[in-house]
Amino acid sequence: CNLQPKDAAKMPESAWKLLFYTLSWSYGIYLLFFTDYPFFYDPPSVFYGWKKGMDVPTDIAIAYLLQCSFYGHSIYATAYMDTWRKDSVVMLLHHVVTLTLIAFSYAFRAAGGREVMLGLTPPPGSPLNPPCSFCPGRFWFRLYWFPLKVLYATCYSSLQSVPNIPFYFFFNALLLILTLMNIYWFLYIVLFVAKVLMGQMQEVNDVREYDVEDSKK
């Protein structure tokens, strides 16, 4: 492959993310559709029979461990290893928010909610790396299923099942922040498509990266 040096430097991290997203998304799909968990078809069931200190099933605990490890690594990688981009601050915030959600949902025992989130992450592909960004599943999962399934269950159904549910505003504030980030990155994709259609891009480039002229300032 005749890769430019900057593209070759990004290959190891991109390949790692592609591998992890493939495995984690597949495992999430397995938990949602090939086990007895009803979380996808009945999101409010996440909170049925909820109580403090309830046991977390081993298969879901494994998902927690994998996701927590990955996002812990991603915080370090974004800050010290990855190329700094226009959305790097937002990406770093995304990883911190997601890691916080994973850790607190485990402590809170909202395991089902985390599994719905895991299954609704987009299909494999490094985030916003063209052409992976144009997979229709990214829009379908992040901007449709995520609000319809996850936000509905946590914002509305949780209060119906557990009226005095703890950390209600904390969890939902973090989930709404993630939703805003999804919209933010969707706008980047729209910008990319607009530049291609208007002939402003002669080759596929990441619109989040700084121009060479900007990097020299």
List the steps, then state whether side-chain contact (heavy atoms from CB on, under 4.5 Å) holds for Phe171 with Ile165. CA-CA 11 Å; Phe171 277 111; Ile165 191 168; over 6 Å; no
What residues form a ring-ring contact (aromatic ring centres under 6.0 Å, His included) with Tyr41, not counting sequence neighbours?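 Partners of Tyr41 under the ring-ring contact (aromatic ring centres under 6.0 Å, His included) test: Phe33.
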Shortest non-hydrogen contact between Cys155 and Asn172, atoms and distance: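 Taking Cys155 first and Asn172 second, the nearest heavy atoms are SG-OD1, 3.0 Å.
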Provide the closest heavy-atom pair for Asp55 versus Pro57 in the form atom of the first, atom of the second, distance.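 In this case the closest contact between Asp55 and Pro57 is O-CD, 3.8 Å.
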Using distance alone, with no hydrogens and no angle criterion, decide if Tyr168 and Thr154 have a side-chain donor and acceptor under 3.5 Å apart.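 Side chains of Tyr168 and Thr154: no pair found under 3.5 Å.
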Under 3.5 Å, is there a donor-acceptor pair between the Asp59 and Tyr37 side chains?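 A donor-acceptor contact under 3.5 Å links the two side chains.
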What about Phe146 and Phe141, are their ring centers closer than 6.0 Å?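 Judged by ring-centre distance (under 6.0 Å), Phe146 and Phe141 do not meet the cut-off.
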If you count heavy atoms of other groups shown closer than 6.0 angstrom to OH of Tyr156, is the number above 12?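 Atom OH in Tyr156 is not crowded, with 12 or fewer foreign heavy atoms closer than 6.0 Å.
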Does atom OH of Tyr48 have more than 12 heavy-atom neighbours from other groups under 6.0 Å away?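 Yes, enclosed.
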Pair Arg142-Trp185, side-chain contact (heavy atoms from CB on, under 4.5 Å): steps then yes or no: CA-CA 10 Å; Arg142 287 194 170 189; Trp185 280 309; 4.2 Å; yes
Measuring from atom [atom1] of [X] to atom [atom2] of [Y], what distance do you get when rounded to the nearest 0.5 angstrom?
{"X": "Thr78", "Y": "Asp87", "atom1": "OG1", "atom2": "CG", "answer": "9.5 Å"}
{"X": "Ser45", "Y": "Phe39", "atom1": "OG", "atom2": "CZ", "answer": "5.5 Å"}
{"X": "Ile75", "Y": "Thr98", "atom1": "CD1", "atom2": "OG1", "answer": "8.5 Å"}
{"X": "Leu19", "Y": "Leu23", "atom1": "CG", "atom2": "CG", "answer": "4.5 Å"}
{"X": "Leu191", "Y": "Phe186", "atom1": "CG", "atom2": "CZ", "answer": "12.0 Å"}
{"X": "Ile177", "Y": "Leu101", "atom1": "CD1", "atom2": "CG", "answer": "9.0 Å"}

Would you confirm whether Ser88, through its side chain, and Trp84, through its main-chain N or O, come within 3.5 Å as a donor-acceptor pair?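 Checked: no pair found.
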Just by distance, do the side chain of Lys149 and the backbone of Phe40 share a donor-acceptor pair under 3.5 Å?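 Answer holds: yes.
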Does the plane of the ring in His95 sit parallel, tilted or perpendicular to the ring in Tyr71? Use 30° and 60° as the thresholds.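 It falls in the tilted class, 30° to 60°.
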Could you check whether the rings of Tyr30 and Phe34 sit parallel, tilted or perpendicular, using 30° and 60° as the cut-offs?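 Taking Phe34 first and then Tyr30, their aromatic rings lie parallel (interplane angle under 30°).
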Verify same cluster id: [X], [Y] (apolar side-chain graph, 4.5 Å):
{"X": "Phe104", "Y": "Met54", "value": "yes"}
{"X": "Ile102", "Y": "Leu176", "value": "yes"}
{"X": "Leu99", "Y": "Ile62", "value": "yes"}
{"X": "Ile29", "Y": "Ile60", "value": "yes"}
{"X": "Leu151", "Y": "Phe169", "value": "yes"}

Any side-chain heavy atom of [X] sitting closer than 4.5 Å to one from [Y]?
{"X": "Asn164", "Y": "Leu159", "value": "no"}
{"X": "Gln67", "Y": "Ser24", "value": "yes"}
{"X": "Val150", "Y": "Pro43", "value": "no"}
{"X": "Tyr152", "Y": "Ser157", "value": "yes"}
{"X": "Leu31", "Y": "Tyr27", "value": "yes"}
{"X": "Ser105", "Y": "Tyr64", "value": "yes"}

Full working for side-chain contact (heavy atoms from CB on, under 4.5 Å) between Trp16 and Phe70: CA-CA 10 Å; Trp16 156 244; Phe70 173 76; 3.8 Å; yes
side-chain contact (heavy atoms from CB on, under 4.5 Å) assessment of Tyr184 paired with His94: CA-CA 11 Å; Tyr184 169 80; His94 170 274; over 6 Å; no
